[in-house]
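Below is one structure, written out as structure tokens, with a few remarks after it.
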Amino acid sequence: MAFTPATACCNPSLLVAPRAPSRGSSARAQALLCAASTSAFHGLRAPAAAAPAPRWRRAGASTGIVCGKVTKGSVPPNFTLKDQNGRPVSLNKFKGKPVVVYFYPADETPGCTKQACAFRDSYEKFKKAGAEVLGISGDDTVSHKAFAQKYRLPFTLLSDEGNRVRKEWGVPGDLFGTLPGRQTYVLDKNGVVQYIYNNQFQPEKHIGETLKILQGL
């Protein structure tokens, strides 16, 4: 999430009209005040022109962090993305079996390489549990193909260029939104989310945590 120097909080005239406010302007002034007060940094606020959050999102009470749409017990939005070979893959084609969907920042970064190789090394365990593994990042299909070939990844990598699916699922970012988040979802055979795990700095832990859940389904 990008922040700019605050101005409204230092200049009351930007928030308080000289005459009796209309019903709409009162609500807008209150929204500006709330946006400034939830910032973790004094003197910083989100841009005033930012569009309001969708109804399925809510702001954290004290941190200003936006919580995601997809939660445990929900059925996430379907998507169709191209895999590393350029073929379209839809999430709903896997109905009837568990699916592990993991969002990661980028191909070839140290943490993401460790995570992908850990999924590769435990892939037989995922197959034994009857599960499919789908890795998603904003890299294009060419990058995914090179990444999969280099590390002999036996599972599907999907290209979410523009991070459309990441946004639809509400995957949180890290370091105040400057980096794409690393989050893993376990869906049961009915497509219902049974587990969500977020850990940016210990990528290998995603594998062990998701296997525990899969073995209990």
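Only a predicted model underlies this, so the values are computations on that prediction, with no experimental measurement involved.
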Quiz item: With the threshold set at 4.0 Å, does a side-chain nitrogen-carboxylate oxygen contact exist between Arg164 and Glu168?
Solution: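 Yes, charged N to carboxylate O under 4.0 Å.
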
Practice problem: Sequence neighbours left out, what pairs pass salt bridge (charged side-chain N to carboxylate O under 4.0 Å, His left out) with at least one residue falling in residues 103-122? | Solution: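 Non-adjacent pairs meeting salt bridge (charged side-chain N to carboxylate O under 4.0 Å, His left out): Glu108-Lys150.
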
If every non-hydrogen atom of [X] is compared with every non-hydrogen atom of [Y], which pair is closest and at what distance?
| X | Y | value |
| --- | --- | --- |
| Pro76 | Leu91 | CG-CD2, 4.3 Å |
| Glu161 | Ser159 | CG-OG, 3.3 Å |
| Leu153 | Leu157 | CD1-CD1, 4.0 Å |
| Asn163 | Gly138 | OD1-CA, 3.8 Å |
| Gln200 | Pro180 | NE2-O, 3.4 Å |
| Ala129 | Leu214 | CB-CB, 4.2 Å |

Measuring from [X]:[atom1] to [Y]:[atom2], what's the distance to the nearest 0.5 Å?
| X | Y | atom1 | atom2 | answer |
| --- | --- | --- | --- | --- |
| Asn92 | Asn78 | CG | CG | 4.0 Å |
| Thr113 | Tyr151 | OG1 | OH | 4.0 Å |
| Phe126 | Gln215 | CZ | CD | 9.0 Å |
| Lys82 | Lys145 | NZ | NZ | 13.0 Å |
| Gln183 | Asn199 | CD | CG | 10.5 Å |
| Cys117 | Arg152 | SG | CZ | 8.0 Å |

Given 3.5 Å as the limit, does a donor-acceptor pair link the side chain of [X] with the main chain of [Y], or not?
| X | Y | result |
| --- | --- | --- |
| Gln84 | Gln149 | no |
| Thr80 | Pro88 | no |
| Ser143 | Asp140 | no |
| Ser74 | Val70 | no |
| Asp160 | Arg166 | yes |

Practice problem: Find out if a path of hydrophobic residues (ILVMFWY) with successive side-chain heavy-atom gaps under 4.5 Å connects Val101 to Val133. | Solution: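 Shared cluster, no.
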
Do [X] and [Y] come close enough that some side-chain heavy atom pair is under 4.5 Å?
| X | Y | value |
| --- | --- | --- |
| Leu217 | Val186 | yes |
| Lys97 | Glu132 | yes |
| Leu211 | Ser122 | yes |
| Gln115 | Glu204 | no |
| Ile196 | Asn198 | no |
| Phe147 | Asp139 | no |
| Lys127 | Pro154 | no |
| Tyr185 | Val99 | no |

Quiz item: Checking side-chain contact (heavy atoms from CB on, under 4.5 Å) for the pair Val75/Leu187: CA distance, chi angles, key distance, verdict?
Solution: CA-CA 8 Å; Val75 176; Leu187 283 61; over 6 Å; no

Quiz item: Stepwise, does the side-chain contact (heavy atoms from CB on, under 4.5 Å) test hold for Trp169 with Phe79?
Solution: CA-CA 10 Å; Trp169 283 44; Phe79 58 72; 3.7 Å; yes

Quiz item: Can Phe103 and Thr184 be said to form a side-chain contact (heavy atoms from CB on, under 4.5 Å), step by step?
Solution: CA-CA 6 Å; Phe103 289 85; Thr184 298; over 6 Å; no

Quiz prompt | Centroid-centroid under 6.0 Å between Phe119 and Tyr102 rings | solution =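 Distance test on ring centres: under 6.0 Å, yes.
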
Quiz item: Do the ring planes of Tyr195 and Tyr197 sit parallel (below 30°), tilted (30 to 60°) or perpendicular (above 60°)?
Solution: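 Geometry flag for Tyr197 against Tyr195: parallel rings.
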
Exercise. Can you label the angle between the His144 ring and the Tyr104 ring as parallel, tilted or perpendicular, going by 30° and 60°?
Key: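 His144 and Tyr104: tilted rings.
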
Practice problem: For Leu81 and Val89, run side-chain contact (heavy atoms from CB on, under 4.5 Å): C-alpha distance rounded to whole Å, both residues' side-chain angles, the deciding distance at 0.1 Å, then the answer. | Solution: CA-CA 5 Å; Leu81 298 172; Val89 175; 6.0 Å; no

Self-check item: Results of side-chain hydrogen bond (donor to acceptor under 3.5 Å, both in side chains) for Gln194 - residues two or more places apart only
Solution: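 Partners of Gln194 under the side-chain hydrogen bond (donor to acceptor under 3.5 Å, both in side chains) test: Asp188.
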
